[in-house]
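Only heavy atoms go into these numbers, but all of them, side chains included; no hydrogens, no water, no symmetry mates. Throughout, protein chains are lettered first and strands after them, A, B, ... in sequence-line order, and every chain is numbered starting at 1.
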Protein chains: 2
Amino acid sequence: MSKKDQITRERILNEAEALFAKNGYDAVSVREITTAARCNLAAVNYHFGNKQKLYLDVFRARWVPRARRVQEYFREFLASRDTVSTSAVAQALAEAFLKGPLSDEERQRQSQLMTRELIQPTEAFELLAGEVLRPFFKELADTLKPFMPEGLGNEGIALNILSMFSMVIYFNFARVVVSRITGRDYDAAFKDRLVEQIVEFSINGLGGGKKKGA
Amino acid sequence: MSKKDQITRERILNEAEALFAKNGYDAVSVREITTAARCNLAAVNYHFGNKQKLYLDVFRARWVPRARRVQEYFREFLASRDTVSTSAVAQALAEAFLKGPLSDEERQRQSQLMTRELIQPTEAFELLAGEVLRPFFKELADTLKPFMPEGLGNEGIALNILSMFSMVIYFNFARVVVSRITGRDYDAAFKDRLVEQIVEFSINGLGGGKKKGA
DNA sequence: GTTTGTTTGATACAAATGTTTATATTAAAA
DNA sequence: TTTTAATATAAACATTTGTATCAAACAAAC
(Lines give C-alpha, C1' and ligand atoms only; values in the text may rest on other atoms or scores of the structure.)
Protein backbone atom coordinates (compact mmCIF):
# COMPACT_ATOMS: atom_id res chain seq x y z
CA MET A 1 0.00 0.00 0.00
CA SER A 2 1.38 3.36 -0.98
CA LYS A 3 1.00 6.51 1.07
CA LYS A 4 -1.73 7.78 -1.22
CA ASP A 5 -3.62 4.62 -0.56
CA GLN A 6 -4.51 6.04 2.80
CA ILE A 7 -6.49 8.80 1.22
CA THR A 8 -10.09 7.88 0.66
CA ARG A 9 -10.27 9.39 -2.77
CA GLU A 10 -7.37 7.29 -3.96
CA ARG A 11 -8.71 4.13 -2.43
CA ILE A 12 -11.99 4.70 -4.19
CA LEU A 13 -10.24 5.20 -7.51
CA ASN A 14 -8.29 1.99 -7.06
CA GLU A 15 -11.24 -0.16 -6.15
CA ALA A 16 -13.47 1.46 -8.72
CA GLU A 17 -10.97 0.78 -11.45
CA ALA A 18 -10.60 -2.85 -10.48
CA LEU A 19 -14.34 -3.39 -10.29
CA PHE A 20 -15.21 -1.47 -13.45
CA ALA A 21 -12.58 -3.39 -15.36
CA LYS A 22 -13.69 -6.75 -14.09
CA ASN A 23 -17.47 -6.38 -14.16
CA GLY A 24 -18.25 -3.35 -16.27
CA TYR A 25 -19.87 -0.09 -15.34
CA ASP A 26 -23.43 -1.22 -14.89
CA ALA A 27 -22.64 -4.36 -12.99
CA VAL A 28 -20.82 -2.41 -10.31
CA SER A 29 -22.74 -0.55 -7.64
CA VAL A 30 -21.49 2.43 -5.73
CA ARG A 31 -21.97 0.43 -2.58
CA GLU A 32 -19.65 -2.29 -3.84
CA ILE A 33 -16.99 0.28 -4.52
CA THR A 34 -17.27 2.07 -1.20
CA THR A 35 -17.35 -1.20 0.70
CA ALA A 36 -14.21 -2.36 -1.08
CA ALA A 37 -12.60 1.01 -0.44
CA ARG A 38 -13.64 0.84 3.21
CA CYS A 39 -15.34 4.19 3.17
CA ASN A 40 -18.78 5.64 3.37
CA LEU A 41 -21.31 5.44 0.59
CA ALA A 42 -21.51 9.21 0.35
CA ALA A 43 -17.79 9.51 -0.27
CA VAL A 44 -18.25 8.83 -3.96
CA ASN A 45 -20.75 11.59 -4.25
CA TYR A 46 -18.54 13.94 -2.29
CA HIS A 47 -15.28 13.27 -4.11
CA PHE A 48 -16.55 12.69 -7.62
CA GLY A 49 -20.06 14.08 -7.82
CA ASN A 50 -21.63 10.86 -9.06
CA LYS A 51 -20.90 7.41 -10.41
CA GLN A 52 -20.44 8.55 -14.00
CA LYS A 53 -17.86 11.14 -13.05
CA LEU A 54 -16.05 8.60 -10.92
CA TYR A 55 -15.87 6.30 -13.93
CA LEU A 56 -14.44 9.13 -16.00
CA ASP A 57 -11.95 10.03 -13.30
CA VAL A 58 -10.75 6.44 -13.25
CA PHE A 59 -9.66 6.99 -16.82
CA ARG A 60 -8.21 10.39 -16.12
CA ALA A 61 -6.35 9.46 -12.97
CA ARG A 62 -5.45 5.86 -13.66
CA TRP A 63 -5.87 4.70 -17.23
CA VAL A 64 -4.31 7.61 -19.07
CA PRO A 65 -1.21 7.87 -16.85
CA ARG A 66 -0.63 4.16 -17.18
CA ALA A 67 -0.98 4.33 -20.93
CA ARG A 68 1.63 7.07 -20.93
CA ARG A 69 3.98 4.87 -18.95
CA VAL A 70 3.59 2.13 -21.54
CA GLN A 71 4.28 4.57 -24.32
CA GLU A 72 7.32 5.89 -22.53
CA TYR A 73 8.57 2.34 -22.17
CA PHE A 74 8.04 1.88 -25.89
CA ARG A 75 10.09 4.98 -26.67
CA GLU A 76 12.92 3.97 -24.42
CA PHE A 77 12.97 0.46 -25.77
CA LEU A 78 13.17 1.82 -29.28
CA ALA A 79 15.82 4.35 -28.33
CA SER A 80 17.94 1.64 -26.75
CA ARG A 81 18.17 -0.12 -30.08
CA ASP A 82 21.10 0.92 -32.22
CA THR A 83 19.00 1.22 -35.36
CA VAL A 84 15.33 1.84 -35.86
CA SER A 85 13.50 -0.44 -38.26
CA THR A 86 10.06 -1.92 -38.76
CA SER A 87 11.03 -4.97 -36.78
CA ALA A 88 12.38 -2.82 -33.97
CA VAL A 89 9.12 -0.93 -33.83
CA ALA A 90 7.12 -4.11 -33.84
CA GLN A 91 9.22 -5.55 -31.09
CA ALA A 92 9.11 -2.41 -28.98
CA LEU A 93 5.34 -2.34 -29.39
CA ALA A 94 4.89 -5.94 -28.40
CA GLU A 95 7.33 -5.69 -25.51
CA ALA A 96 5.76 -2.53 -24.17
CA PHE A 97 2.22 -3.84 -24.26
CA LEU A 98 2.71 -7.49 -23.37
CA LYS A 99 5.52 -7.14 -20.89
CA GLY A 100 6.44 -3.52 -20.33
CA PRO A 101 6.21 -1.52 -17.13
CA LEU A 102 2.82 -2.73 -15.95
CA SER A 103 2.05 -5.57 -13.62
CA ASP A 104 -0.01 -8.34 -15.07
CA GLU A 105 -3.01 -7.18 -13.15
CA GLU A 106 -2.62 -3.64 -14.40
CA ARG A 107 -2.27 -4.87 -17.94
CA GLN A 108 -5.48 -6.80 -17.71
CA ARG A 109 -7.37 -3.88 -16.21
CA GLN A 110 -6.02 -1.57 -18.83
CA SER A 111 -7.09 -3.68 -21.77
CA GLN A 112 -10.41 -4.60 -20.23
CA LEU A 113 -11.30 -0.98 -19.64
CA MET A 114 -10.23 0.01 -23.11
CA THR A 115 -11.96 -2.85 -24.84
CA ARG A 116 -15.18 -2.01 -23.06
CA GLU A 117 -14.90 1.49 -24.41
CA LEU A 118 -14.23 0.16 -27.90
CA ILE A 119 -17.34 -1.98 -27.89
CA GLN A 120 -19.49 0.68 -26.40
CA PRO A 121 -17.90 4.11 -26.37
CA THR A 122 -18.86 6.56 -23.65
CA GLU A 123 -17.49 9.94 -22.75
CA ALA A 124 -14.34 8.18 -21.58
CA PHE A 125 -13.56 7.16 -25.12
CA GLU A 126 -13.12 10.77 -26.16
CA LEU A 127 -10.56 11.18 -23.42
CA LEU A 128 -8.84 7.96 -24.32
CA ALA A 129 -8.80 8.71 -28.03
CA GLY A 130 -7.78 12.33 -27.78
CA GLU A 131 -5.15 12.09 -25.09
CA VAL A 132 -3.64 8.71 -25.82
CA LEU A 133 -4.62 6.85 -28.96
CA ARG A 134 -4.41 9.62 -31.54
CA PRO A 135 -1.07 11.08 -30.43
CA PHE A 136 0.48 7.65 -30.10
CA PHE A 137 -0.73 6.61 -33.51
CA LYS A 138 0.68 9.75 -35.01
CA GLU A 139 3.98 9.07 -33.31
CA LEU A 140 4.01 5.52 -34.60
CA ALA A 141 3.13 6.62 -38.09
CA ASP A 142 5.92 9.18 -38.16
CA THR A 143 8.38 6.64 -36.86
CA LEU A 144 7.42 3.99 -39.34
CA LYS A 145 6.92 6.15 -42.40
CA PRO A 146 10.56 6.19 -43.56
CA PHE A 147 10.67 2.41 -43.56
CA MET A 148 7.46 1.77 -45.40
CA PRO A 149 7.19 0.90 -49.08
CA GLU A 150 7.24 4.00 -51.26
CA GLY A 151 3.75 3.95 -52.66
CA LEU A 152 2.07 3.24 -49.37
CA GLY A 153 -0.01 6.25 -48.40
CA ASN A 154 -0.93 7.45 -44.95
CA GLU A 155 -3.89 5.12 -44.93
CA GLY A 156 -1.71 2.15 -45.71
CA ILE A 157 0.59 3.03 -42.87
CA ALA A 158 -2.33 3.53 -40.53
CA LEU A 159 -3.75 0.14 -41.43
CA ASN A 160 -0.42 -1.53 -40.87
CA ILE A 161 -0.16 0.01 -37.45
CA LEU A 162 -3.71 -1.03 -36.69
CA SER A 163 -2.86 -4.56 -37.78
CA MET A 164 0.00 -4.74 -35.36
CA PHE A 165 -2.11 -3.13 -32.73
CA SER A 166 -4.89 -5.64 -33.20
CA MET A 167 -2.55 -8.45 -32.25
CA VAL A 168 -1.19 -6.63 -29.24
CA ILE A 169 -4.68 -5.82 -28.02
CA TYR A 170 -6.15 -9.21 -28.81
CA PHE A 171 -3.41 -11.18 -27.13
CA ASN A 172 -4.07 -9.14 -24.03
CA PHE A 173 -7.81 -9.12 -23.69
CA ALA A 174 -8.66 -12.45 -25.29
CA ARG A 175 -6.40 -14.38 -22.97
CA VAL A 176 -9.06 -16.88 -22.22
CA VAL A 177 -9.31 -17.83 -25.90
CA VAL A 178 -5.59 -17.76 -26.53
CA SER A 179 -5.01 -19.94 -23.50
CA ARG A 180 -7.72 -22.34 -24.49
CA ILE A 181 -6.48 -22.70 -28.04
CA THR A 182 -2.78 -22.96 -27.28
CA GLY A 183 -3.20 -24.68 -23.94
CA ARG A 184 -0.74 -22.31 -22.30
CA ASP A 185 -0.89 -19.99 -19.32
CA TYR A 186 0.15 -16.38 -19.49
CA ASP A 187 3.47 -16.82 -17.73
CA ALA A 188 6.70 -15.06 -18.59
CA ALA A 189 7.74 -17.70 -21.10
CA PHE A 190 4.50 -17.54 -22.99
CA LYS A 191 4.57 -13.77 -23.09
CA ASP A 192 8.03 -13.99 -24.62
CA ARG A 193 6.60 -16.40 -27.13
CA LEU A 194 3.79 -13.99 -27.94
CA VAL A 195 6.16 -11.09 -28.42
CA GLU A 196 8.16 -13.26 -30.78
CA GLN A 197 4.99 -14.19 -32.62
CA ILE A 198 3.85 -10.61 -33.04
CA VAL A 199 7.25 -9.50 -34.26
CA GLU A 200 7.61 -12.38 -36.69
CA PHE A 201 4.11 -12.06 -38.01
CA SER A 202 4.46 -8.33 -38.37
CA ILE A 203 7.63 -8.68 -40.37
CA ASN A 204 6.97 -11.75 -42.43
CA GLY A 205 3.34 -12.59 -42.19
CA LEU A 206 2.36 -16.23 -42.31
CA GLY A 207 4.85 -17.73 -44.62
CA GLY A 208 8.32 -16.46 -43.84
CA GLY A 209 9.96 -15.97 -40.50
CA LYS A 210 12.76 -17.87 -38.98
CA LYS A 211 12.14 -21.56 -38.98
CA LYS A 212 12.15 -22.66 -35.39
CA GLY A 213 12.94 -26.33 -35.57
CA ALA A 214 13.99 -27.09 -39.12
CA MET B 1 -40.43 -9.25 -40.51
CA SER B 2 -40.32 -12.99 -40.91
CA LYS B 3 -43.13 -15.34 -40.01
CA LYS B 4 -41.37 -16.36 -36.82
CA ASP B 5 -41.27 -12.74 -35.83
CA GLN B 6 -44.91 -13.05 -34.95
CA ILE B 7 -44.12 -15.48 -32.21
CA THR B 8 -43.42 -13.78 -28.91
CA ARG B 9 -40.51 -15.99 -28.04
CA GLU B 10 -38.72 -15.09 -31.25
CA ARG B 11 -39.41 -11.41 -30.86
CA ILE B 12 -37.92 -11.51 -27.40
CA LEU B 13 -34.82 -13.26 -28.69
CA ASN B 14 -34.39 -10.65 -31.40
CA GLU B 15 -34.76 -7.66 -29.19
CA ALA B 16 -32.75 -9.21 -26.38
CA GLU B 17 -29.88 -9.89 -28.73
CA ALA B 18 -29.86 -6.37 -30.08
CA LEU B 19 -29.98 -4.83 -26.62
CA PHE B 20 -27.47 -7.17 -25.02
CA ALA B 21 -25.04 -6.54 -27.87
CA LYS B 22 -25.44 -2.79 -27.74
CA ASN B 23 -25.55 -2.17 -24.00
CA GLY B 24 -24.33 -5.32 -22.30
CA TYR B 25 -26.11 -7.72 -20.02
CA ASP B 26 -26.32 -5.60 -16.90
CA ALA B 27 -27.32 -2.39 -18.61
CA VAL B 28 -30.38 -4.04 -20.13
CA SER B 29 -33.47 -4.59 -18.05
CA VAL B 30 -36.05 -7.25 -18.66
CA ARG B 31 -38.59 -4.47 -18.99
CA GLU B 32 -36.63 -2.87 -21.80
CA ILE B 33 -36.57 -6.15 -23.65
CA THR B 34 -40.24 -6.92 -23.22
CA THR B 35 -41.23 -3.39 -24.14
CA ALA B 36 -39.16 -3.58 -27.32
CA ALA B 37 -40.63 -6.99 -28.07
CA ARG B 38 -44.14 -5.67 -27.40
CA CYS B 39 -45.01 -8.34 -24.91
CA ASN B 40 -45.63 -8.74 -21.25
CA LEU B 41 -42.90 -8.55 -18.65
CA ALA B 42 -43.60 -12.05 -17.43
CA ALA B 43 -43.09 -13.47 -20.91
CA VAL B 44 -39.36 -13.68 -20.36
CA ASN B 45 -39.87 -15.75 -17.28
CA TYR B 46 -42.40 -17.92 -19.01
CA HIS B 47 -40.39 -18.63 -22.13
CA PHE B 48 -36.87 -18.64 -20.76
CA GLY B 49 -37.05 -19.03 -17.02
CA ASN B 50 -35.05 -15.94 -16.17
CA LYS B 51 -32.84 -13.23 -17.59
CA GLN B 52 -29.66 -15.30 -17.44
CA LYS B 53 -31.19 -18.15 -19.37
CA LEU B 54 -32.54 -15.74 -21.95
CA TYR B 55 -29.04 -14.39 -22.42
CA LEU B 56 -27.75 -17.90 -22.88
CA ASP B 57 -30.51 -18.74 -25.32
CA VAL B 58 -29.59 -15.68 -27.37
CA PHE B 59 -26.26 -17.35 -27.98
CA ARG B 60 -27.80 -20.75 -28.59
CA ALA B 61 -30.53 -19.60 -30.90
CA ARG B 62 -28.90 -16.64 -32.61
CA TRP B 63 -25.17 -16.32 -32.16
CA VAL B 64 -24.10 -19.90 -32.77
CA PRO B 65 -26.20 -20.40 -35.90
CA ARG B 66 -24.91 -17.17 -37.36
CA ALA B 67 -21.35 -18.15 -36.60
CA ARG B 68 -21.99 -21.38 -38.44
CA ARG B 69 -23.24 -19.47 -41.46
CA VAL B 70 -20.04 -17.44 -41.51
CA GLN B 71 -17.95 -20.58 -41.28
CA GLU B 72 -19.94 -22.18 -44.06
CA TYR B 73 -19.31 -19.11 -46.19
CA PHE B 74 -15.63 -19.43 -45.43
CA ARG B 75 -15.61 -23.05 -46.57
CA GLU B 76 -17.44 -22.30 -49.78
CA PHE B 77 -15.22 -19.36 -50.54
CA LEU B 78 -12.18 -21.54 -50.07
CA ALA B 79 -13.66 -24.37 -52.10
CA SER B 80 -14.42 -22.01 -54.96
CA ARG B 81 -10.74 -21.28 -55.31
CA ASP B 82 -8.85 -23.53 -57.66
CA THR B 83 -5.96 -24.00 -55.24
CA VAL B 84 -5.74 -23.72 -51.49
CA SER B 85 -2.89 -21.69 -50.06
CA THR B 86 -2.13 -19.53 -47.06
CA SER B 87 -3.22 -16.46 -48.92
CA ALA B 88 -6.44 -18.12 -49.99
CA VAL B 89 -7.18 -19.02 -46.40
CA ALA B 90 -6.40 -15.51 -45.23
CA GLN B 91 -8.62 -14.05 -47.90
CA ALA B 92 -11.47 -16.44 -47.21
CA LEU B 93 -11.23 -15.63 -43.53
CA ALA B 94 -11.27 -11.89 -44.07
CA GLU B 95 -14.05 -12.07 -46.65
CA ALA B 96 -16.20 -14.30 -44.50
CA PHE B 97 -15.90 -12.18 -41.40
CA LEU B 98 -15.80 -8.69 -42.83
CA LYS B 99 -18.20 -9.13 -45.70
CA GLY B 100 -19.65 -12.62 -45.76
CA PRO B 101 -23.26 -13.64 -45.36
CA LEU B 102 -24.20 -11.34 -42.51
CA SER B 103 -25.73 -7.93 -42.68
CA ASP B 104 -23.67 -5.16 -41.22
CA GLU B 105 -25.93 -4.97 -38.22
CA GLU B 106 -25.63 -8.70 -37.62
CA ARG B 107 -21.88 -8.49 -37.93
CA GLN B 108 -21.70 -5.79 -35.30
CA ARG B 109 -23.95 -7.65 -32.92
CA GLN B 110 -22.00 -10.82 -33.42
CA SER B 111 -18.65 -9.29 -32.62
CA GLN B 112 -19.98 -7.17 -29.79
CA LEU B 113 -21.53 -10.17 -28.10
CA MET B 114 -18.41 -12.23 -28.57
CA THR B 115 -16.03 -9.52 -27.43
CA ARG B 116 -18.06 -9.01 -24.29
CA GLU B 117 -17.66 -12.69 -23.55
CA LEU B 118 -13.94 -12.46 -24.20
CA ILE B 119 -13.47 -9.62 -21.74
CA GLN B 120 -15.67 -11.19 -19.14
CA PRO B 121 -16.54 -14.81 -19.85
CA THR B 122 -19.82 -16.18 -18.58
CA GLU B 123 -21.52 -19.48 -19.14
CA ALA B 124 -22.10 -18.39 -22.72
CA PHE B 125 -18.40 -18.50 -23.40
CA GLU B 126 -18.32 -22.24 -22.82
CA LEU B 127 -21.00 -22.63 -25.46
CA LEU B 128 -19.24 -20.31 -27.83
CA ALA B 129 -15.86 -21.91 -27.32
CA GLY B 130 -17.02 -25.51 -27.43
CA GLU B 131 -19.47 -25.31 -30.29
CA VAL B 132 -17.84 -22.73 -32.51
CA LEU B 133 -14.34 -21.50 -31.72
CA ARG B 134 -12.60 -24.77 -31.00
CA PRO B 135 -13.93 -26.73 -33.96
CA PHE B 136 -13.29 -23.87 -36.33
CA PHE B 137 -9.76 -23.40 -35.08
CA LYS B 138 -9.11 -27.06 -35.53
CA GLU B 139 -10.47 -26.89 -39.06
CA LEU B 140 -8.29 -23.90 -39.84
CA ALA B 141 -5.22 -25.55 -38.38
CA ASP B 142 -5.75 -28.68 -40.42
CA THR B 143 -6.25 -26.64 -43.55
CA LEU B 144 -3.18 -24.51 -43.02
CA LYS B 145 -0.82 -27.16 -41.71
CA PRO B 146 0.40 -28.41 -45.10
CA PHE B 147 1.39 -24.91 -46.13
CA MET B 148 3.24 -23.92 -43.00
CA PRO B 149 7.01 -23.94 -42.57
CA GLU B 150 8.33 -27.36 -41.63
CA GLY B 151 9.59 -26.68 -38.15
CA LEU B 152 6.52 -24.82 -37.03
CA GLY B 153 4.73 -26.86 -34.41
CA ASN B 154 1.07 -26.93 -33.58
CA GLU B 155 1.55 -23.98 -31.29
CA GLY B 156 3.12 -21.93 -34.03
CA ILE B 157 0.24 -22.68 -36.33
CA ALA B 158 -2.24 -21.81 -33.63
CA LEU B 159 -0.54 -18.50 -32.98
CA ASN B 160 -0.53 -17.67 -36.66
CA ILE B 161 -4.22 -18.35 -36.86
CA LEU B 162 -4.81 -16.26 -33.78
CA SER B 163 -2.82 -13.45 -35.34
CA MET B 164 -5.03 -13.44 -38.40
CA PHE B 165 -8.04 -13.76 -36.22
CA SER B 166 -7.03 -10.81 -34.10
CA MET B 167 -7.15 -8.56 -37.12
CA VAL B 168 -10.47 -9.87 -38.29
CA ILE B 169 -11.98 -9.42 -34.85
CA TYR B 170 -10.37 -6.07 -34.18
CA PHE B 171 -11.41 -4.53 -37.46
CA ASN B 172 -14.95 -5.52 -36.62
CA PHE B 173 -15.39 -4.47 -33.05
CA ALA B 174 -13.02 -1.53 -32.89
CA ARG B 175 -14.68 0.24 -35.76
CA VAL B 176 -14.83 3.47 -33.88
CA VAL B 177 -11.05 3.53 -33.52
CA VAL B 178 -10.33 2.33 -37.02
CA SER B 179 -12.66 4.95 -38.42
CA ARG B 180 -11.17 7.68 -36.29
CA ILE B 181 -7.61 6.81 -37.23
CA THR B 182 -8.17 6.28 -40.92
CA GLY B 183 -10.95 8.80 -41.28
CA ARG B 184 -13.08 6.35 -43.22
CA ASP B 185 -16.56 4.94 -42.82
CA TYR B 186 -17.29 1.25 -42.91
CA ASP B 187 -18.77 1.22 -46.39
CA ALA B 188 -18.30 -1.47 -49.00
CA ALA B 189 -15.16 0.12 -50.41
CA PHE B 190 -13.47 0.37 -47.06
CA LYS B 191 -14.35 -3.20 -46.19
CA ASP B 192 -12.72 -4.28 -49.41
CA ARG B 193 -9.70 -2.28 -48.40
CA LEU B 194 -9.65 -3.99 -45.01
CA VAL B 195 -9.87 -7.42 -46.55
CA GLU B 196 -6.95 -6.51 -48.76
CA GLN B 197 -5.02 -5.25 -45.76
CA ILE B 198 -5.61 -8.40 -43.74
CA VAL B 199 -4.60 -10.62 -46.63
CA GLU B 200 -1.49 -8.61 -47.44
CA PHE B 201 -0.41 -8.31 -43.86
CA SER B 202 -1.02 -11.99 -43.25
CA ILE B 203 1.11 -12.97 -46.18
CA ASN B 204 3.86 -10.40 -46.11
CA GLY B 205 3.72 -8.61 -42.82
CA LEU B 206 4.76 -5.01 -42.75
CA GLY B 207 7.50 -4.82 -45.27
CA GLY B 208 6.52 -6.73 -48.36
CA GLY B 209 3.21 -6.79 -50.12
CA LYS B 210 2.37 -5.37 -53.47
CA LYS B 211 3.39 -1.79 -53.79
CA LYS B 212 0.25 0.16 -54.45
CA GLY B 213 1.50 3.30 -56.10
CA ALA B 214 5.16 2.82 -56.83
C1' DG C 1 -9.62 28.09 21.85
C1' DT C 2 -12.36 29.34 18.40
C1' DT C 3 -13.45 29.37 13.73
C1' DT C 4 -13.39 27.72 9.16
C1' DG C 5 -13.37 24.55 5.42
C1' DT C 6 -13.10 19.74 4.52
C1' DT C 7 -14.18 14.95 5.06
C1' DT C 8 -16.82 11.17 6.92
C1' DG C 9 -20.83 9.01 8.81
C1' DA C 10 -25.60 7.10 9.28
C1' DT C 11 -29.87 7.38 7.32
C1' DA C 12 -33.56 8.32 4.03
C1' DC C 13 -35.85 8.06 -0.39
C1' DA C 14 -37.75 7.51 -4.74
C1' DA C 15 -36.95 4.93 -8.71
C1' DA C 16 -35.76 0.71 -10.93
C1' DT C 17 -34.63 -4.02 -10.69
C1' DG C 18 -35.60 -9.41 -11.39
C1' DT C 19 -38.95 -12.47 -10.19
C1' DT C 20 -43.47 -14.41 -8.78
C1' DT C 21 -48.31 -15.05 -8.44
C1' DA C 22 -52.94 -15.37 -9.69
C1' DT C 23 -55.99 -14.57 -13.29
C1' DA C 24 -57.42 -14.10 -17.96
C1' DT C 25 -57.27 -15.36 -22.69
C1' DT C 26 -56.51 -18.31 -26.54
C1' DA C 27 -55.82 -22.67 -28.99
C1' DA C 28 -56.16 -27.53 -29.40
C1' DA C 29 -58.20 -32.02 -28.23
C1' DA C 30 -61.73 -34.90 -26.81
C1' DT D 1 -69.47 -28.44 -26.61
C1' DT D 2 -66.62 -29.48 -22.97
C1' DT D 3 -62.07 -30.13 -21.30
C1' DT D 4 -57.38 -29.37 -21.20
C1' DA D 5 -53.21 -27.32 -22.11
C1' DA D 6 -50.53 -23.30 -23.65
C1' DT D 7 -49.80 -18.57 -23.59
C1' DA D 8 -50.53 -13.84 -22.20
C1' DT D 9 -51.57 -10.23 -18.83
C1' DA D 10 -51.69 -7.23 -14.79
C1' DA D 11 -50.41 -6.51 -10.30
C1' DA D 12 -47.43 -7.07 -6.57
C1' DC D 13 -43.14 -8.61 -4.25
C1' DA D 14 -38.82 -7.85 -1.90
C1' DT D 15 -34.27 -5.99 -3.14
C1' DT D 16 -31.12 -3.09 -4.92
C1' DT D 17 -30.08 0.95 -7.17
C1' DG D 18 -28.02 6.05 -7.38
C1' DT D 19 -28.38 10.06 -5.01
C1' DA D 20 -29.37 13.52 -1.31
C1' DT D 21 -29.47 15.18 3.40
C1' DC D 22 -27.66 16.68 7.63
C1' DA D 23 -25.08 16.23 11.61
C1' DA D 24 -20.68 14.76 13.50
C1' DA D 25 -15.68 14.55 13.34
C1' DC D 26 -11.55 16.37 11.78
C1' DA D 27 -7.61 19.39 10.50
C1' DA D 28 -5.57 23.78 9.84
C1' DA D 29 -5.42 28.85 10.48
C1' DC D 30 -5.99 32.53 13.21
Side-chain angles (χ1 to χ4, degrees), chain A residues 1-62 113 116-117 120-124, chain B residues 1-62 113 116-117 120-124:
Chain A
M1 289 218 190
S2 70
K3 192 184 72 188
K4 288 231 165 182
D5 229 48
Q6 306 298 78
I7 295 163
T8 303
R9 198 189 129 93
E10 300 296 315
R11 283 205 317 275
I12 293 176
L13 279 171
N14 290 340
E15 301 299 332
E17 189 196 11
L19 287 167
F20 283 147
K22 189 149 71 109
N23 305 326
Y25 181 84
D26 294 284
V28 177
S29 71
V30 178
R31 281 170 180 81
E32 265 184 273
I33 296 169
T34 52
T35 300
R38 302 183 312 282
C39 69
N40 190 266
L41 173 63
V44 161
N45 200 288
Y46 175 75
H47 285 285
F48 304 94
N50 58 33
K51 189 186 174 186
Q52 271 283 353
K53 288 177 187 164
L54 165 59
Y55 178 74
L56 219 65
D57 267 349
V58 163
F59 277 84
R60 259 195 282 268
R62 293 282 183 274
L113 286 172
R116 288 187 193 282
E117 282 297 320
Q120 191 183 352
T122 72
E123 215 183 326
Chain B
M1 289 217 190
S2 69
K3 192 184 70 186
K4 287 233 164 182
D5 230 46
Q6 305 297 80
I7 296 163
T8 303
R9 197 189 130 91
E10 300 295 317
R11 283 205 318 276
I12 293 177
L13 279 171
N14 290 340
E15 303 297 333
E17 190 196 10
L19 287 167
F20 283 147
K22 189 148 72 106
N23 305 324
Y25 181 84
D26 294 285
V28 177
S29 71
V30 178
R31 281 171 180 81
E32 266 185 90
I33 296 169
T34 52
T35 301
R38 304 182 311 283
C39 70
N40 189 269
L41 171 64
V44 161
N45 196 279
Y46 177 74
H47 285 286
F48 302 94
N50 57 32
K51 190 188 175 186
Q52 271 283 353
K53 287 178 187 163
L54 165 59
Y55 178 75
L56 219 65
D57 267 349
V58 163
F59 277 83
R60 260 195 281 268
R62 294 283 183 273
L113 285 173
R116 288 187 192 281
E117 282 297 320
Q120 192 182 352
T122 72
E123 216 183 325

Find the distance between SG (B:C39) and CD1 (B:I7) and round it off to the nearest 0.5 Å.
13.0 Å

Separation of C:dT8 P from A:R9 CZ (nearest whole Å)
11 Å

Which residues in residues 21-32 of chain B have at least one heavy atom lying under 4.0 Å from any atom of DNA chain C?
B:V28, B:S29, B:V30, B:R31

Expressed as a whole number of angstroms, how long is the span from B:L54:CG to C:dG18:P?
11 Å

Give, for atom CD1 of A:I33 and atom CZ of A:F48, the distance between the pair rounded to the nearest 0.5 Å.
9.0 Å

Between atom CD1 in A:I12 and atom P in C:dT7, what is the gap in whole Å?
11 Å

Any side-chain heavy-atom pair from B:I12 and B:R9 closer than 4.5 angstrom?
no

Just by distance, do the side chain of B:R62 and the backbone of B:L13 share a donor-acceptor pair under 3.5 Å?
no

Nearest to the side chain of A:A42, heavy atoms from C-beta on, is which of C:dG9, C:dT20, D:dG18?
C:dG9

Straight-line distance of A:L54 CG to A:E17 CD, nearest 0.5 Å
10.5 Å

Spacing of NZ belonging to A:K53 relative to CZ belonging to A:R60, to within rounding of 0.5 Å:
10.0 Å

Ignoring backbone atoms, test whether A:N45 places a side-chain nitrogen or oxygen under 4.0 Å from the OP1 or OP2 oxygen of D:dT19.
no

Measure all distances between protein nitrogen or oxygen atoms and nitrogen or oxygen atoms of nucleotides 23-29 of chain D, and list the pairs falling under 3.5 Å.
none

Regarding A:A43, tell me which of base, sugar-phosphate or nothing describes its non-hydrogen contacts under 4.0 Å with the strands shown.
nothing

Taking atom C1' of D:dA20 as reference, at what distance in whole Å does atom CG of A:L41 sit?
10 Å

So, does B:R116 use its side chain to make a donor-acceptor pair with the main chain of B:A21 at under 3.5 Å?
yes

Rounded distance in Å - NZ (A:K51) to P (C:dA15)
19 Å

So, is A:H47 near the phosphate of C:dT6, with a side-chain N or O under 4.0 Å from OP1 or OP2?
no

Whole angstrom value for the distance that separates P of C:dA10 from CZ of A:R38
15 Å

For atom CG of B:N40 and atom P of C:dT19, their distance in whole Å:
15 Å

Interatomic distance where NZ belongs to B:K53 and C1' belongs to C:dG18 [whole Å]:
13 Å

Can you check whether B:T8 has a side-chain N or O nearer than 4.0 Å to OP1 or OP2 of D:dA8?
yes

Ring-face cation contact, B:Y25 with B:K51, 6.0 Å cut, 45° max
yes

Pick the nucleotide of DNA chain C nearest each of B:N50 and A:Y46; which residue has the one closer to the 5' end?
A:Y46

Which of B:N50, B:V28, B:T122 passes side-chain contact (heavy atoms from CB on, under 4.5 Å) with B:Y55? It is B:T122

